[in-house]
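Here is the structure we will look at.
Counting convention: from 1, in listed order, for ligands and their atoms alike. In this chain, residues are counted from 1 in sequence order.
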Amino acid sequence: MSEIRVTAEKLVEKPLTIAELRAAVQSGTTKAVDLAEGYYGRIQAHNPLLNVYLALTKERALEQAARVDAAAAKGETIGAMAGIPVGIKDVLTMDGTVTTAGSKILGGYRPPYDATSVKRLEAAGAVLLGKINCDEFAMGSSNENSAYGPVRNPVDTERVPGGSSGGSAAAVAANLAVATLGTDTGGSIRQPASFCGVVGVLPTYGRVSRYGLIAYASSLDRVGPFAANVRDAAEILSILAGHDPHDATSSRLPVADYAAESDKDVKGLKIGIPEEYFGEGLDPEVQAQIESGIDGLRAAGAEIKKISLKHTRYAIPTYYLVATAEASANLARFDGVRFGYRSPKSTNLSSMYKLSREEGFGAEVKRRILLGTYALSAGYYEAYYKKAQQVRRLLANEFMDAFAGVDAIVTPTSPIPPFKLGEKTDDPLAMYLADIYTVTASLAGICGISVPCGTTAAGLPVGMQVLGPHFGEAAAFRVARAVEAAQ
Ligand code: GLN
């Protein structure tokens with residue numbers, strides 16, 4: 001066992017890929033059980049500072065690892081994720097395991113079923129280590145809105161890991177999991193991936209089932225993977241993707257072998273650079289790294305084209321109307337009756353609703369319920385919610401027009417590098433404005449990947465966002481692989 005612990009420690013220096021780990025488990029040179037124990041050792045050592053894991057599911061993990069080892073020992077072909085330790089963002093349900101969505105209101109809530117994405121990973125042999133911290137109900141960009149304390153960025157522990165899937169990104173960056181699941185409504189996979197220097201994938205809306213995802217804004221929410229490299233992320237997406245009878249919005253389109261697609265080079269691919277993503281507010285160091293990433297793509301044989309996405313400037317207000325409106329409806333179900341927290345001070349039904357919500361929700365969640373309720377209220381609906389839906393359509397059309405001429409679009413993922421803990425907590429608007437490059441793809445339903453692309457002089461990670469059209473993940477993976485190869 002101690003030998004394997006050393007191996008797991010060594011993985012930080014140069015983490016093994018999923019394919020390498022799978023081969024080691026298949027041949028029996030590494031036991032899945034030892035690998036899991038090694039990761040739990042790392043979690044025990046590093047979680048007190050980083051605050052990534054909210055709950056460990058050790059019994060379930062070790063049972064699964066033992067099953068994988070037994071299959072490998074019998075010479076059976078093991079699954080694509082067999083023995084691979086993964087972590088799950090705490091907005092996805094796991095049968096019988098406390099699932100909080102980062103909120104006090106769901107403290108102690110044990111769902112009776114697995115999310116489809118969780119189930120699919122486990123069916124492929126993955127070892128589920130535990131549940132991972134995030135912003136409350138996935139609302140935030142820094143992980144500071146979790147009721148269970150912020151996550152620290154492993155690259156610089158005075159800084160935020162991004163959000164809302166900050167824990168999922170930090171887990172991969174600190175090698176407290178080989179890969180993780182996150183969710184992205186307006187940037188929550190891509191931005192933390194960028195801040196922590198890992199790969200994060202926003203699949204096309206409908207590509208991955210949302211069944212078992214605690215809803216924030218249902219027309220925007222997506223589930224996707226984090227990994228240390230593009231190929232691993234591509235492998236995982238092929239497992240997660242596909243139709244699910246439990247989610248009527250999941251697509252029946254065939255699922256590609258995204259890892260194999262990502263092995264193809266970018267010669268002849270047309271890549272658009274939208275001028276609106278390189279203007280005011282973009283940190284010059286981030287800009288310099290992205291520009292050199294684009295030079296690398298050109299050198300690898302891609303054709304770089306300047307394009308324009310004129311509606312970009314309307315994206316933030318549009319997103320924060322649609323997302324909050326849907327959130328206000330989705331969060332109505334948390335009233336102290338069926339799930340989680342119920343105020344002990346309540347004296348009758350109405351005070352139970354009021355006090356449970358008053359005490360159970362954090363400040364940012366309340367702000368959004370108020371904003372969303374206002375946007376949907378009689379007299380304001382036409383001016384705000386309806387108008388936002390119309391602008392959303394224009395933003396989507398604009399992307400579709402752009403993709404008629406290019407295979408992928410590249411931009412910075414975030415205009416700024418990871419900021420210090422507490423730096424923006426007093427200014428929610430500044431926090432919202434930093435989502436400018438990610439909310440557009442969310443509104444349009446298209447896919448995207450954040451891939452590491454250099455660092456600032458201080459060593460802070462910079463992420464490049466690679467956007468593809470609806471169900472155009474294959475080309476986006478090719479571009480992301482080329483960016484990664486040039487690092
Ligand atoms: N930062 C954005 C928000 O707070 C996006 C969050 C997300 O994608 N879940 O809404």
Answer yes or no: is there a donor N or O on one side and an acceptor on the other, between the side chain of Asp114 and the main chain of Lys119, under 3.5 Å? no
Tell me yes or no: between the side chains of Arg481 and Ser262, is some donor less than 3.5 Å from an acceptor? yes
Amino acids in close contact with ligand 1, where any non-hydrogen atom sits under 4.0 angstrom away: Ala138, Met139, Gly140, Ser141, Ser164, Asp184, Thr185, Gly186, Gly187, Ser188, Tyr216, Tyr319, Tyr320, Arg368, Asp435
Is atom OH of Tyr314 surrounded by more than 12 heavy atoms (other residues, nucleotides or ligands) closer than 6.0 Å? no
Could you pull out all residues at least two apart from Asp435 that satisfy salt bridge (charged side-chain N to carboxylate O under 4.0 Å, His left out)? none
Listed partners of Asp407 passing salt bridge (charged side-chain N to carboxylate O under 4.0 Å, His left out), at least two apart: none
So, using salt bridge (charged side-chain N to carboxylate O under 4.0 Å, His left out) as the criterion, who are the partners of Lys387 when residues are at least two apart? none
